[in-house]
Amino acid sequence: MPSLLEAIRKVTTLDLDAIDVQVATEYAPFRDMTCNQFIVQSTLMMPEHAHVLAFAVDEALQTASEYGVDVTHSASLEQLVVDIASVNIIKEIKPKLHPQGLVLLQTCCSKLGVVDDVVAHCEQLVNVFTKYGISAKECCIKVPATVNGLKACQILAHKGINTLATTVFSTQQALAAAEAGCVAISPYLNELDAHFDRKFYVEYSNPVKQSPGVQLTHRIQRHYRSAGIKTQVKAASFIEPIDAVAMAGVDAITVGPTILKGLAETQVSEETATILSDAIAATSAQEAPPQQTWLAGDATELAAAMADPVVARLQRRANEVFTNAEEQLRALAKVAILNKKQPHLESL
Ligand SMILES: O=C(CO)[C@@H](O)[C@H](O)[C@H](O)[C@H](O)COP(=O)(O)O
């Protein structure tokens, strides 16, 4: 019997949801690498990356003007430090990916109130990538799939910047992302809180038949395939290996180290073989999407769809959680900046 990892790889592209060269090597091959602010933070805390924030502070102070960043505006400087540090840990992993693989980094939820602010930060991220040897073609910016986030993606697509619409909780967001020209989307199988509190995770005997997140992702995949939409589905937010099994047949899944280990160490059983074949059938059936535009006329159709109470709650919570994570990263940058300016205080 093959392992679950081998069985999934036959029908779905595997991406790495981690910035970890060792994991990338152990469970190779991967096409893309994804991350979010939590993954960046835990990677920066690893002893082998202890020097990265200090390096990023030096770089940010020397090159801020190239990005139009005012070094006297502390939040902007801290964010630039975070961006430079993120890119410099990510660039280590690029050679481990498929030659055409993308590296994906998430923009700030705190920018989502103003479309131009999202656009400006995504452009800053691409400029930082380019500065450290990763071209605009090789990177992709993850943008939360809010109304403003998707409007920003549309503008960025016209500027030749790759975007992935993340935290997708509805078909309308997925269709709007395709309209915006996103290269990919990440439907979230589980809500954000399930990653921190087990009581938010629901176990199903067959998620393909029972899980709303799994069924939503399958429906989006059917819509995309039936309508010939090029945007890729990159399913995310897995808590247990079974979540990945239920995604067999979607374009791609992004998987973190613990779930990769679980998938590699578990052989396909009678029960999981059923889930695998149900998932493949559910993703390959035809289901045309509604003939509708979502972003036209100031995206009023999308805004109305996202007012659905369940979608609105999941999206709001995702934005809160990622905003907190983003603030924690800037706080780390702030300490690194202070240490640089006042090294005599470092040992206190
Ligand atoms: O959205 C993507 C990929 O596009 C993922 O990186 C996504 O953020 C993650 O799968 C989930 O948020 C889970 O991340 P974590 O809690 O395991 O750090």
Side-chain angles (χ1 to χ4, degrees), residues 12-20 23-24 27 30-46 86 89-90 93 97 101-109 112 122 125 139-146 149-150 153 162-170 173-174 177 180 182-198 200-201 213-214 216-217 220-221 231-244 246-247 250-263 314-326 328-329:
T12 290
T13 298
L14 255 289
D15 298 320
L16 179 62
D17 204 16
I19 315 171
D20 192 321
V23 178
Y27 299 106
F30 293 100
R31 187 174 175 94
D32 298 346
M33 184 233 76
T34 63
C35 64
N36 57 36
Q37 282 85 356
F38 291 105
I39 294 172
V40 168
Q41 185 175 353
S42 61
T43 312
L44 283 173
M45 301 309 254
M46 290 174 178
S86 305
I89 48 176
I90 287 173
I93 211 153
L97 305 175
L102 297 172
V103 287
L104 291 95
L105 180 58
Q106 186 160 315
T107 188
C108 297
C109 279
L112 287 168
C122 293
L125 287 175
C139 65
C140 178
I141 311 304
K142 290 174 54 187
V143 181
T146 62
L150 291 170
C153 290
N162 292 326
T163 58
L164 173 145
T166 191
T167 60
V168 166
F169 298 106
S170 66
Q173 286 167 291
C182 295
V183 299
I185 60 161
S186 279
Y188 262 45
L189 251 61
N190 294 290
E191 62 183 283
L192 251 302
D193 285 304
H195 288 270
F196 313 106
D197 187 342
R198 192 75 196 188
F200 290 94
Y201 181 68
V214 168
L216 168 71
T217 308
I220 291 169
Q221 185 69 82
T231 304
Q232 294 278 296
V233 175
K234 193 187 286 307
S237 185
F238 303 153
I239 310 282
E240 288 289 340
I242 196 73
D243 294 335
M247 286 295 103
V250 300
D251 295 326
I253 59 175
T254 186
V255 190
T258 312
I259 292 177
L260 283 168
K261 185 171 189 292
L263 293 171
L314 292 169
Q315 191 66 59
R316 193 175 48 247
R317 191 63 194 129
N319 293 349
E320 278 167 11
V321 169
F322 281 125
T323 302
N324 282 341
E326 170 197 327
Q328 281 172 31
L329 272 176

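Every number for a ligand or one of its atoms is a count from 1 in the order of the listing. In this chain, numbering begins with 1 at the start of the sequence shown.
- For Phe322, the ring pair (Phe, Tyr, Trp, His ring centres under 6.0 Å) partners at least two apart in sequence or on another chain are Phe38.
- For the ring pair (Phe, Tyr, Trp, His ring centres under 6.0 Å) test, residues two or more places apart in sequence or in another chain that qualify with Phe169 are Tyr188.
- Residue Met45 places its CE atom among 12 or fewer non-hydrogen atoms of other residues, nucleotides or ligands, all under 6.0 Å distant.
- For the side chain to side chain donor-acceptor pair (under 3.5 Å) test with Thr34, the passing option among Asp15, Thr166, Thr254 is Thr254; the others fail.
- For Tyr27, the ring pair (Phe, Tyr, Trp, His ring centres under 6.0 Å) test picks out no residue, with sequence neighbours left out.
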Under 3.5 Å: N or O atoms of ligand 1 paired with protein N or O:
residue: ligand 1; atom: 1 (O); partner: Lys142; partner atom: NZ; Å: 3.1
residue: ligand 1; atom: 1 (O); partner: Thr166; partner atom: OG1; Å: 3.0
residue: ligand 1; atom: 4 (O); partner: Ser186; partner atom: OG; Å: 2.6
residue: ligand 1; atom: 6 (O); partner: Asp17; partner atom: OD1; Å: 2.6
residue: ligand 1; atom: 6 (O); partner: Lys142; partner atom: NZ; Å: 3.0
residue: ligand 1; atom: 8 (O); partner: Asn36; partner atom: ND2; Å: 2.9
residue: ligand 1; atom: 8 (O); partner: Lys142; partner atom: NZ; Å: 3.3
residue: ligand 1; atom: 8 (O); partner: Tyr188; partner atom: OH; Å: 2.7
residue: ligand 1; atom: 10 (O); partner: Asp17; partner atom: OD2; Å: 2.6
residue: ligand 1; atom: 10 (O); partner: Ser237; partner atom: N; Å: 3.1
residue: ligand 1; atom: 12 (O); partner: Asn36; partner atom: ND2; Å: 3.3
residue: ligand 1; atom: 12 (O); partner: Tyr188; partner atom: OH; Å: 2.8
residue: ligand 1; atom: 14 (O); partner: Asn36; partner atom: ND2; Å: 3.2
residue: ligand 1; atom: 16 (O); partner: His195; partner atom: ND1; Å: 3.3

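- Between Gln106 and Leu125, the closest heavy-atom pair is O-CD1, 4.2 Å.
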